[in-house]
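Values below: all heavy atoms of this structure, side chains included; hydrogens, waters and symmetry mates excluded. By convention in this document, chain letters (A, B, ...) are assigned in the order of the sequence lines, proteins followed by strands, and residues within each chain are numbered from 1.
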Amino acid sequence: MFLKFKNEAERVLKDALEKASYEYKDLTLDLDESEHADLSSRIAFSLARTYKKPPATIAADIVNHLELPTGDMLIGDAVAVGPYINFSVNDSFLRKTLQGLKNGIAADRKKEKIILEHTSANPDGPLHIGHLRNAIIGDVLVRVLERAGYEVETQYYLNDMGRQIAVVVWGADRIAYDETKKADHAVADVYIAANRMLEENDEFLDEVGELMRRYEAGDAEVVRKYEVAVQKCLSGIQASFKRLNIQHVVFVWESTFARSGAVKGVIEELTRKGNIKLEGSAILLQLEGIEKALVIQRADGTSLYTTRDLAYHRWKGENCDRVIDVFGKDHELVSQQLSKALELLGVKSPEFVIFAFVSLPSGSLSTRAGRYISADELMEKIEERAYDEVDKRRTDLDDSKKREIARKVGIGALRYDMVKVSPDKHIVFDFDDALDIEKKGAPFIQYSHARACSILRAAQEQGYVAVSKDYDASRLKEPSETELIKKLSKLGYVIEAAAADLKVHQVTKYARELAESFNLFYKYCPVLNAEDELRKARLGLVDCARIGLRDVLAVLGIEAPGEM
RNA sequence: GGGCCCGUGGCUUAGCUAGGAUAAAGCACCGGCCUUCUAAGCCGGGGAUCGCGGGUUCGAAUCCCGCCGGGUCCGCCA
């Protein structure tokens with residue numbers, strides 16, 4: 001609803017500028033949200049220069065020429081305040097916002113289909129907190145885009161051809177998996193132990209190399225061994241995804257591109273179209289604007305990760321309208337090379353969401369060195385901590401109910417924390433901080449939602465109709481009521497903006513503000529004790545707030561408990 | 001050494017793409033509020049030369065240049 005209001009205000013402003021004969025062509029008409037008005041224009045500042053008049057005079061002049069539309073419109077008023085032109089909404093805007101929430105607003109269906117890639121962690125162990133950032137940013141982005149009306153397919157690129165996996169497969173022949181452990185953790189044990197053996201005895205290195213060659217060639221026995229190892233790790237990763245409330249991902253195996261001939265095709269085409277340098281039998285591709293030449297084929301004729309990734313991205317590009325990759329900062333150069341090479345191939349370039357690293361106070365993360373905190377360990381501990389908090393507050397509930405709430409609160413807190421910060425901020429992970437449930441953003445929002453549910457429950461218990469079909473929204477005149485409605489009206493607008501900019505952390509900020517608005521309403525506007533018509537209207541508003549809070553949490557992939 | 005990113009109260013951050021109304025939140029700290037729908041809440045208070053130096057502009061946290069500090073990449077690894 002807010003976007004409609006904004007469009008309307010911009011149109012009205014444009015008409016006024018024309019009527020007052022101001023030349024505004026090069027200037028932006030874009031209106032800003034402001035604490036002083038629902039929307040505000042600063043255009044008078046820009047016009048002041050060319051027209052050599054004080055901005056306040058120009059603003060007043062524009063407002064004099066401004067005609068508020070008649071009929072069923074959303075603008076309440078437009079006034080000049082000094083150099084600013086401030087627009088406010090009318091009652092109809094508020095009423096329509098509530099109506100829209102009640103009916104469930106469907107976003108305009110976008111035509112584009114998007115393939116979004118996230119996580120793509122090597123299947124050599126469990127997800128650690130670095131992967132967590134990737135997975136959660138990616139998953140929230142998927143939810144934002146879907147909510148904004150896009151069709152999204154989420155893919156996890158499975159690097160099954162790397163050295164790491166060869167080391168796991170090699171190790172699995174010599175070391176037994178610990179079957180008492182979660183599968184991906186058992187794989188990590190073998191991986192770490194195998195690495196140690198390889199460091200101590202470099203004759204083994206040839207055996208690992210042999211495995212890689214046979215796997216690329218499609219040797220049946222080796223392929224079978226690989227599949228066992230990769231699937232084992234994958235089952236663990238999928239279990240973690242499920243627990244994290246990560247939506248369905250399609251696993252795409254790297255090796256399929258090597259074996260299908262797609263990689264060969266890419267090499268041939270780049271050799272034909274690109275600026276190529278040969279060093280022995282190795283093929284190097286010189287890309288524009290990138291100093292370092294990109295090796296696309298080894299001297300021994302085998303393929304490289306980059307080339308296989310190129311084949312994968314070509315395939316993605318040909319099967320959808322937009323390709324989005326959520327990558328770590330270490331892939332930044334790779335992503336540039338990817339774009340340039342795809343350009344040569346005539347395939348559209350992906351859009352990248354690059355996130356900075358998560359490190360420990362003791363340094364960077366490493367699966368091989370066993371220096372990492374697994375996502376599972378973190379989830380385990382944060383759920384435990386959340387349970388302590390629930391237990392403290394709700395002695396009346398039975399244990400399974402408390403566990404259920406603790407799970408939602410714990411995982412929610414974790415997810416919120418991971419996306420609330422802009423992706424380009426480096427994070428030093430602090431365990432105590434991560435587990436401190438009381439200072440988290442998610443429980444604050446979940447709590448507001450629970451309060452809304454609680455009011456509706458109490459209404460029913462007291463024999464009222466919790467949500468009447470018709471109520472008089474014009475009775476909602478308290479500042480905390482109108483503020484809450486205005487905040488609710490921005491839900492769709494915020495999601496559209498986040499989808500357009502691919503910036504998910506904006507949604508967390510909005511979610512907090514919405515909860516804050518509801519808490520103020522809760523504080524200042526008694527619902528059940530209000531007189532009949534007002535109670536009906538307030539119950540209607542509570543229900544809309546419940547929907548808004550639930551929806552914004554859903555976009556963040558956070559479950560909304562009905563009580564806490 | 002070169003490229004990219006970050007540097008905002010004690011701590012964690014938003015704001016920076018499109019420069020404008022007293023720099024906005026959370027945590028921590030101090031002081032208040034549970035006989036009315038869950039106090040995981042609400043109200044009030046102190047605390048910031050927006051890393052440093054220059055420039056552009058009527059106006060800079062925001063744009064430009066330089067410097068300092070931190071991160072990251074620069075493999076015939078993945």
Query raised in the report: If you find the nucleotide of RNA chain B closest to A:S422 and the one closest to A:Y447, which residue's nucleotide is nearer the 5' end?
Result: A:S422
Query raised in the report: Taking the nucleotide of RNA chain B with the closest heavy atom to each, which residue, A:F444 or A:D433, is nearer the 5' end?
Result: A:D433
Counting any heavy atom closer than 4.0 Å, what does [X] reach on the DNA or RNA strands: base, sugar-phosphate only, or nothing?
| X | answer |
| --- | --- |
| A:A299 | base |
| A:Y524 | sugar-phosphate |
| A:N122 | sugar-phosphate |
| A:K329 | base |
| A:Q164 | sugar-phosphate |
| A:E513 | nothing |
| A:R394 | base |
| A:A459 | nothing |
| A:V527 | base |
| A:D424 | sugar-phosphate |
| A:S40 | base |
| A:E563 | base |
| A:L520 | sugar-phosphate |
| A:L528 | base |

**Report entry** Per-pair stack call A:Y84 and B:A21, 5.5 Å, 30°
**Finding:** yes
**Report entry** Aro-ring/base stack A:F45-B:G20, d under 5.5 Å, angle under 30°
**Finding:** yes
Determine the Euclidean distance between corresponding [atom1] atoms of [M] and [N]; express it in Å to zero decimal places.
| N | M | atom1 | value |
| --- | --- | --- | --- |
| B:U8 | B:A48 | C1' | 7 Å |
| B:C4 | B:C63 | P | 15 Å |
| B:A23 | B:G46 | P | 14 Å |
| B:C29 | B:C11 | C1' | 12 Å |
| B:G45 | B:G3 | P | 48 Å |
| B:A14 | B:G9 | P | 13 Å |
| B:C5 | B:G44 | P | 40 Å |
| B:G47 | B:A24 | C1' | 15 Å |

Measure the distance from [atom1] on [X] to [atom2] on [N] and round it to the nearest whole Å.
| X | N | atom1 | atom2 | answer |
| --- | --- | --- | --- | --- |
| A:D388 | B:A40 | CG | P | 15 Å |
| A:L29 | B:A18 | CG | P | 16 Å |
| A:I427 | B:U12 | CD1 | C1' | 10 Å |
| A:D396 | B:U38 | CG | P | 11 Å |
| A:L549 | B:U38 | CG | P | 16 Å |
| A:I43 | B:A21 | CD1 | C1' | 17 Å |
| A:F521 | B:U38 | CZ | C1' | 15 Å |
| A:R49 | B:U57 | CZ | P | 9 Å |

Identify whether the distance between the nearest side-chain nitrogen and carboxylate oxygen of [X] and [Y] falls below 4.0 Å.
| X | Y | result |
| --- | --- | --- |
| A:D532 | A:R535 | yes |
| A:K509 | A:E513 | yes |
| A:K14 | A:E10 | no |

Query raised in the report: When you check the glycosidic angle of B:C34, does it come out syn, meaning within 90° of 0, or anti?
Result: syn
I want to verify a distance call: between [options], whose nearest atom is closest to the [X] side chain?
| X | options | value |
| --- | --- | --- |
| A:Y305 | B:U38, B:A18, B:A78 | B:A78 |
| A:R512 | B:G26, B:A40, B:A78 | B:G26 |
| A:S454 | B:C37, B:A21, B:C76 | B:C37 |
| A:K509 | B:U36, B:A14, B:G3 | B:A14 |
| A:L304 | B:A21, B:A78, B:C73 | B:A78 |
| A:K425 | B:U72, B:C37, B:A14 | B:A14 |
| A:E332 | B:A78, B:U13, B:G3 | B:G3 |
| A:N86 | B:C74, B:A21, B:C77 | B:A21 |
| A:N519 | B:C42, B:A21, B:G71 | B:C42 |

Would you call the rings of [X] and [Y] parallel, tilted or perpendicular if under 30° counts as parallel and over 60° as perpendicular?
| X | Y | value |
| --- | --- | --- |
| A:F327 | A:H331 | tilted |
| A:Y157 | A:Y312 | parallel |
| A:F431 | A:F429 | perpendicular |

Query raised in the report: Under 4.0 Å: is that the gap between some side-chain N or O of A:H331 and OP1 or OP2 of B:U72?
Result: no
Query raised in the report: Does a side-chain N or O from A:Y522 land closer than 4.0 Å to OP1 or OP2 of B:A39, or not?
Result: yes
Query raised in the report: Under 6.0 Å from the six-membered ring centre of A:F444 and within 45° of its axis: does the NZ or CZ of A:R512 meet both?
Result: yes
Query - Flag if over 12 foreign heavy atoms under 6.0 Å of CZ, A:R407 - result: yes
**Report entry** Any donor-acceptor N/O pair under 3.5 Å between B:A21 base and A:S34 side chain
**Finding:** yes
Report task. Determine whether any donor atom in the side chain of A:D124 lies under 3.5 Å from an acceptor atom in the base of B:A78, or the reverse, and answer yes or no. Result -> no
Query - Identified salt bridge (Lys or Arg N to Asp or Glu O under 4.0 Å) partner of A:E563 from the options A:K408, A:R451, A:R394, A:K402 - result: A:R394
Requested in this report: Identify the residue among A:H118, A:H313, A:Q155 that makes a side chain to side chain donor-acceptor pair (under 3.5 Å) with A:D325.
Outcome: A:H313
